[in-house]
Every structure is written in structure tokens, then in C-alpha cells.
Amino acid sequence: MTPTRSTLRIYDSAAREVRDFVPLVAGKASLYVCGLTVQSEPHVGHVRSGVNFDVLQRWLRHSGYETTFIRNVTDIDDKIVAKSEAAGRAWYEHAQIMHRELSKAYAALNVAPPTYEPLATGHIPEMLELIELLIERGHAYAAADGSGDVYFDVRSWKAYGELTGQAVEDMEAAADADPRGKRDPRDFALWKGAKPTEPATASWPSPWGRGRPGWHIECSAMAGKYLGPAFDIHGGGLDLRFPHHENEQAQSRAAGKPFAAYWMHNAWITTAGEKMSKSLGNSLTIPSVLQRFRGIELRYYLVSAHYRSHVEFSFDALEEAAVGFQRIEGFLARASAALGADQGWLATMPPEFTDAMNDDLGTPGAVAVLFDRVREGNTALAGNDTASVQRILGEVTLMLDVLGLNPADEAWGAPAGGDEKLHHAVDVLVKSLIDQRAAAREAKDWAAADAIRDQLKEAGVEIADSPSGPTWSVN
RNA sequence: GGUGGGUUGGCCGAGAGGCGAGGCAACGGACUGCAAAUCCGUGUACACGGGUUCAAAUCCCGUACCCACCUCCA
């Protein structure tokens with residue numbers, strides 16, 4: 001085995017190239033990811049970003065970086081207000097219900113919690129502070145129309161457009177946007193004055209009257225609060241590049257903060273060639289997908305594609321992924337059974353896996369290494385090569401842990417005590433049938449033997465003959 | 001109009017000048033009483049048209065189609 005010499009390289013979407021990851025502080029990594037606006041049930045697309053950045057978090061930690069990971073939740077915005085009204089409940093109740101759904105979805109996919117998950121509504125003072133600083137520095141202004149709005153002055157910040165490589169002159173002004181008191185149609189709201197039609201609870205006091213934050217300011221304020229004026233990586237979905245991330249960066253830099261050193265954006269999951277948020281229906285919400293597939297299978301499906309590749313979602317593809325993953329689980333089960341308590345603690349991460357992951361989180365290549373090891377492990381198992389099985393099981397487990405795909409991880413909901421008892425009862429019953437079948441086979445009464453196997457299969461119990469005798473499993 | 005991305009075998013999905021990632025499916029073989037699982041083997045894939053090169057899926061030019069963003073968006 002050749003030791004790996006690679007270091008982490010990531011595609012920086014601001015530079016539009018793969019760059020070596022050099023943290024601001026040696027040995028540490030700081031990461032900010034735009035989480036979701038909790039306005040409706042999370043679907044597969046929403047959760048992709050959670051899974052992708054969870055893999056990044058795990059890989060950074062595995063690589064030895066002391067990692068601070070902040071992933072926010074936007075719990076106040078126009079859509080939340082509108083949807084809560086439609087649902088007939090308060091905006092904060094609606095936001096919290098959806099937030100709980102999101103947390104459940106993350107948990108079901110073994111998305112590890114970030115270091116901290118700040119809420120926009122919990123950071124109004126920090127946002128006000130930042131807005132005042134921008135006004136002082138001449139990059140923001142309170143609207144002259146008395147609306148209580150405060151806008152960022154795009155023309156005052158010559159670097160505006162740098163993140164997405166656009167010239168201000170080429171940007172279309174929002175067709176739908178109400179220009180209100182804007183000096184330039186491209187100026188964006190830092191603070192939105194309260195309107196009489198909106199719930200009174202959705203506004204906070206400010207120097208410009210009651211109101212609520214604009215969308216972008218929260219991330220600048222929260223990233224600044226928890227990670228400092230400069231931090232390593234900012235992540236989010238591709239659609240956030242503009243305007244959200246462009247505005248975050250403009251506002252932060254205009255306030256004198258260097259902000260993110262690297263930008264990472266995950267690509268889409270589409271359905272029928274369309275962005276998921278446009279396709280309606282609820283068949284793709286996490287709870288409904290989880291009725292058909294296990295969380296670990298869905299996670300495997302997401303992890304097996306590169307985070308910057310578009311994924312065309314289909315249940316057929318998910319089904320294939322699930323079958324592939326079961327191959328890994330089959331090896332784990334056989335290897336564990338063969339080794340008993342004597343499992344491999346001494347394993348080291350395969351260098352090919354490390355190289356793949358260091359190459360801009362090349363999870364597809366990493367998964368290929370995983371399958372290579374599984375095949376080797378199966379061969380070792382067939383040859384009763386216990387030492388190799390032990391080593392390979394250890395390697396496979398390490399790789400799965402980093403990808404968040406270890407079936408033994410308690411996050412997947414290990415069976416509780418009650419299940420143990422049930423398992424024992426079933427085991428005794430099935431074993432007696434297996435004995436009967438063995439007797440029939442001894443007598444070369446194949447019809448009787450197959451009848452028992454079929455009967456068990458009918459009940460969902462699969463019998464597999466192995467050199468060390470038959471085993472059973474429920475599928 | 002501006003900006004960015006894509007098109008790879010039956011399917012999913014990597015790669016980025018020479019050597020066919022990997023998975024699923026299919027077919028053949030081994031093992032098995034028969035299966036299942038597992039292992040071994042089998043594929044002349046890179047949207048199209050030109051060009052550069054000893055060598056192109058990969059670089060260049062052009063064409064087609066698809067997608068995203070341009071102040072609601074993972």
C-alpha cells in the first residue's frame with residue numbers, strides 16, 4: 001500500500017477552479033452552510049445539501065481539522081408568512097412545525113448535527129448592528145419614502161457581482177419587485193419595514209421603525225457572529241449563488257469583513273428534467289420516500305453521486321442504489337458473523353479512498369473503492385482468510401463511517417430490547433424449520449426441503465445455505 | 001439580453017490527451033440437489049460536424065438539444 005500524499009482540494013465556485021484547501025488557521029476548519037427556509041416539508045432535493053455538507057464535515061474531521069460547522073435555519077420570510085396564513089396558523093408555529101420536520105428528515109438520513117444551528121429570528125440585534133455599520137460606511141441607506149425599508153446600495157460597492165462574474169449593467173432588474181424607495185432597482189433589502197397587512201408578531205423594533213430582516217443579512221450576521229469576519233468555507237445550493245451569496249458577500253465585505261475564503265455549491269436534483277421545487281406533489285418529500293426506502297438507502301443514493309453533478313431523481317435509480325448498498329450490507333453481516341467478537345480495530349483508511357475524497361469530495365470514486373474492498377472481502381470470506389476479512393471489515397467500516405453509511409451506526413435506529421426478544425423467538429421457530437429442512441435434504445426429499453424454504457420465504461424469511469450451514473434473514 | 005452548467009454503454013454514474021472507475025441489469029462459467037448469496041469472465045460508450053495531434057470521450061472551432069441563475073428557491 002502506498003501512503004497517500006494528497007491533500008484536500010475543493011472546487012471553489014468563486015474562483016471557478018479546484019484549489020488546495022488551506023485553512024485560515026492551521027488545523028482548524030470553519031464552515032458555514034445556508035440551511036433551509038422552513039416553509040414546507042423537506043423534499044429529496046432539500047436534503048441533498050444537508051447530506052453533501054455532512055459528508056464534508058465528516059471528511060474534514062476525519063482529516064484532522066478541528067471543525068466548526070454552522071448551518072442556519074431561516075425562520076422568517078415572505079413565504080413562511082404566506083404559507084402559514086394559508087395553513088391557518090401563526091407564522092412562528094408554522095416555521096417551527098416545518099423545522100421539526102426538517103430535523104426529523106436529517107436524522108432519518110444520519111445527517112450529523114452542525115456545531116450550532118442558529119435561527120434568523122434569534123439574531124435580529126446582530127443584523128441591526130451590521131446594517132448600521134453599512135449605513136455608516138456609505139453602502140446602505142434608509143428609503144426616503146418612509147416605508148422603513150433599508151437597502152444595500154449596489155452602486156456603492158464596485159466589486160458587486162464578483163462572486164458570480166456578472167456586471168451590474170447586465171443584470172436584469174427584478175420584474176416583479178416593487179421598487180419602493182430603491183435608488184437603483186438592483187439594490188436589495190437589508191431591512192423591510194412592517195406593513196399593516198402582515199402579522200404584528202412578524203416585526204421587530206429597529207432604528208427605522210418596526211420591521212423584519214431582508215433575506216440575505218441574516219447569513220452575514222450569523223456567519224460573522226459564530227465564525228468571525230473571515231472563515232474558510234461557505235456552502236449552499238447552486239441557486240443561492242445569485243442573489244443570496246453574492247449579496248451576502250457584498251454586504252459583509254462592504255462592512256469590512258473578508259468573509260468566506262472558499263465557496264462550495266451543490267447541484268440539483270431534478271425530476272422529469274425539472275427543478276424539484278417546481279414539480280409539485282408530495283411523493284418526493286422525505287417522509288413519503290422513507291415509506292418506500294430506508295434512510296440509509298436514500299443517503300447512499302445521494303452520496304454515490306458527486307455533489308456537483310445534477311442528479312435526475314427516479315425511484316428506479318433509487319431502487320438500483322438500494323440493491324447495490326445491500327451488497328455492502330451482505331458483506332458486513334457475513335464478515336461480522338465469521339469474526340464473532342473478534343473484529344478489526346486496526347484498520348487504516350485505504351489510500352485510494354482518501355485520494356478520491358481529497359479530490360473535491362469525490363464520493364463516486366470513494367464508493368468504487370468501497371466496492372473493491374467488499375469484493376476482496378467476499379473472496380477472503382470464501383477462502384476462510386480470517387486475517388484479511390478482519391482487515392477489510394475494518395477498512396469498510398471506516399469508509400462507511402466517513403460517508404455516514406455505517407448500518408451499525410445507532411443513528412439508523414438500532415433495534416431496542418423488545419426487538420431482541422422478538423428476534424430470539426423467531427430465531428427458535430425458524431431454526432426448527434431449518435432443522436426439518438436439513439432432515440429432508442439428508443433424505444434427499446428435495447420437494448419437502450424446498451417446500452419449507454418456500455414457506456419461510458412467503459413469511460419474508462430468506463434461507464441461504466453457506467459452507468458453515470444455513471442462515472436466515474428477514475428482508 | 002447577461003452569466004454558468006450539461007449531453008458517456010440497456011440503465012445509473014465517474015473520468016479529462018495514450019492504458020475501458022464502479023454499481024445495477026444481461027449473458028457464460030464455478031459453487032449448489034435446485035436455488036439464493038458469492039467469485040471469475042463477457043461490452044469495441046462518450047450528442048453531431050469539422051480541426052489540432054503519432055494518439056482525442058478528453059484540446060480547439062462550429063452546430064444541435066437540455067438545464068440553472070439574473071433579487072422566492074437546496
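Here is the naming used below: chain letters follow the sequence lines, and residue numbers restart at 1 for every chain.
In this structure, A:K444 places its NZ atom 8 Å from P of B:G33, rounding to the nearest Å. Here B:G4 presents its P atom at 13 Å from CG of A:L163, a figure rounded to the nearest Å.
Side-chain contact check for A:T37 and A:Q39: no donor-acceptor pair (N or O, by modelled atom type) lies under 3.5 Å.
Aromatic ring centroids of A:F313 and A:Y301 lie under 6.0 Å apart. The aromatic ring centres of A:Y116 and A:F69 sit 6.0 Å or more apart.
Taking for each of A:E376 and A:R48 the nucleotide of RNA chain B with the nearest heavy atom, the 5'-most of the two is the partner of A:E376.
Contact annotation for A:R453: base contact, defined as any heavy-atom pair under 4.0 Å involving a base atom. The residue A:F371 sits close only to the backbone: its heavy atoms come under 4.0 Å of sugar-phosphate atoms, none of a base.
Side-chain proximity of A:W268 to the nucleotides B:U71, B:A35, B:A74 is greatest for B:A74. For A:V323, taking side-chain heavy atoms from C-beta onward, the closest of the listed nucleotides B:U38, B:C24, B:A14 is B:C24.
Under 4.0 angstrom from either OP1 or OP2 of B:G23 there lies no side-chain N or O belonging to A:S304.
Checked by distance alone, A:D372 brings no side-chain donor or acceptor within 3.5 Å of a matching partner on the base of B:G22. Under 3.5 Å, the side chain of A:N52 and the base of B:A74 form no donor-acceptor pair of N or O atoms.
Straight-line distance between the C1' atoms of B:U42 and B:A74: roughly 42 Å, to the nearest whole Å. Comparing the same atom, P, in B:G6 and in B:G41 gives a spacing of 34 Å after rounding to whole Å. Rounded to whole Å, the C1' atom of B:U8 lies 10 Å from the corresponding atom of B:G15. Nucleotides B:G23 and B:C34 are separated by 28 Å at their C1' atoms, to the nearest Å.
In this structure A:A167 satisfies the side chain to side chain contact (heavy atoms under 4.5 Å, CB included) test together with A:E169, A:D170, sequence neighbours excluded.
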